[in-house]
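Some notes on the structure that comes next.
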Amino acid sequence: MPGISGFSAYLPPHRVNLADWCDWTGQPAGKVAGVIGDSFRMAGPEQDVYALAASAAVRLIEAYDVDASAVGMLVLGTESASDNAAGAVILRGMLDDYLASRGRAPLAADCEVPEIKHACLGGIYGLKQALRYLATDGAGRQAIVVSADIAEYARGSSGEATQGAGAVAMLLEAEPRLLSVDLGAAGRASRYRGADFRKPFARYPGQRTDQARPRDFPVFNGRYSTACYLDTVASAFDDMAPRPDAAGATDWDAVFLHRPYARMPETAWAMLCLRAWLADDPHTLRAFCHEVGVDAVALAAELTPGRDIGPAGDIPLDAERYPATTALIRAWRRREDYRDVVLGRLGPGQAAMRACGNLYTGSLPAWLAAGLSEAAEQAEPGPRWLAIGYGSGDAAEVLPLTLVPGWRAVAGRIGFRAALDGAVDLDQAGYEALHEGRMVNPAAGNGAFVIDHIGDRDEPGHVDAGIPRYAWA
Ligand SMILES: CC(C)(COP(=O)([O-])OP(=O)([O-])OC[C@H]1O[C@@H](n2cnc3c(N)ncnc32)[C@H](O)[C@@H]1OP(=O)([O-])[O-])[C@@H](O)C(=O)NCCC(=O)NCCSC(=O)C[C@@](C)(O)CC(=O)[O-]
């Protein structure tokens, strides 16, 4: 069964500490630390998403001594594309230049180079495409999948604390050295709803200039998007074929979910656990509902995926959309068994992830990489892992994974903690400057791609206006 043989991560050095950000903005530090995390990274104007992606891919090639000529597919999953023609081929160009500068062979001439977009799910869709390639016409080859994004929200919006930037590259093989991926047992779901989270161009073709937005930041209904996440993840979970080695619906050794901020995966997993509890032992769940004053019938209705979650709008989950579920989860958090059943099953690597922010497509691969790095230092982690990807718009994928024999030595090469090193903390002026696309001290470099210059020629025979040229610095 094909799967994952390596991970590498690249995060740009500019860092915003959320405690500082709370001081600058007057947001409640206790809530932000409890719900969101510790910090996030920002790309400087000298780095676009292709520079981030190539920086992660170079780390992968070096860490796993990849023979680029054996790579038959290079996929880029991103929702931060700055070129609407092609994307992964730009990444390919940077990798070929890097390899040539070291006297090494370029990527194979027959390497496929798709860029895939579906909000935060593009990298997981890319992973599935590459696994199918390895299982069919790409037999005997390797594939690289890079998930890279720059997650920015307008200042003053509810998403501002959940920004981030970075890239995670994965090496895939038919005989994986870290995790096999059981595509045959995977679950998936998608549906079209109203405006949960979109990124229309700042000025839509044909739109009047005075109606244009200043930047193409996301247009989103934050709290509505959390309800979409919960509902579609539950649908994809139900779509998963039962595995013979999984005793119960939630009987996994470690679960990893798309992680826009710390609390979101916890709530989603707690809800999936409640559904399993309702199916396996409705009597004790009803008794618990009674004890804490939650309507058990309303709870059962809320736990059924695919129901009408109402129109988009800024309503908290505990108001009209999931009142019984959130009340019960809050009560469950105070019980001892919540620690084992819910928190104890969420994957390792969470402390490292609190420092990352939302990496959009890179968020779930980063958690897997952080989890493997941390698990490699633990006694004997259980082998049955589950990855749950989600992308607004909205769609979810559930992938059963298995740690393969010998994974520990290979996980030691991921070095996720090292990828977090070298951060440069921003002050308020620096944060605001970067957010507005102005240069503060260029912090990239020391082994990363940067934009060297942007072409400006627009004459016959010499047209490169707007096309970035990159340098390895
Ligand atoms: C998601 C929101 C709206 C959350 O914004 P918010 O203001 O934190 O929302 P809230 O008021 O509903 O509170 C959330 C939690 O904070 C708790 N809380 C309240 N007060 C306190 C306090 N004093 N101390 C401690 N905790 C406190 C509150 O009780 C609740 O916890 P719960 O018990 O329900 O889990 C915001 O972060 C946002 O707009 N984010 C951007 C959108 C987003 O991340 N959506 C997530 C789902 S969609 C997704 O993941 C896809 C995405 C975004 O990554 C994009 C893509 O796919 O491309």
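Whatever order the structure lists ligands and atoms in, that order sets their numbers, starting from 1.
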Subject >> Residues His118 and Glu79: side-chain donor-acceptor under 3.5 angstrom >> reply: no
Subject >> Ring geometry between Tyr431 and Phe40 (parallel below 30°, tilted from 30 to 60°, perpendicular above 60°) >> reply: perpendicular
Original post:
For residues Arg193 and Thr232, is any side-chain donor paired with an opposing acceptor at under 3.5 Å?
Top reply: yes
Original post:
Is it true that the side chains of Tyr50 and Glu115 contain a donor and an acceptor less than 3.5 Å apart?
Top reply: yes
Subject >> Interatomic spacing from CE in Met271 to CG in Leu317 - rounded to 0.5 Å >> reply: 9.0 Å
Original post:
Are side-chain N/O atoms of Trp24 and Glu432 paired as donor and acceptor at under 3.5 Å?
Top reply: no
Subject >> Sub-4.0 Å heavy-atom environment of ligand 1, residues by chain >> reply: Lys31, Val35, Glu79, Ala119, Cys120, Tyr153, Ser158, Gly159, Thr162, Phe197, Phe220, Gly222, Arg223, Ser225, Thr226, Tyr229, His258, Pro260, Tyr261, Arg263, Met264, Thr267, Pro316, Arg330, Arg333, Asn358, Tyr360, Tyr390, Gly391, Ser392
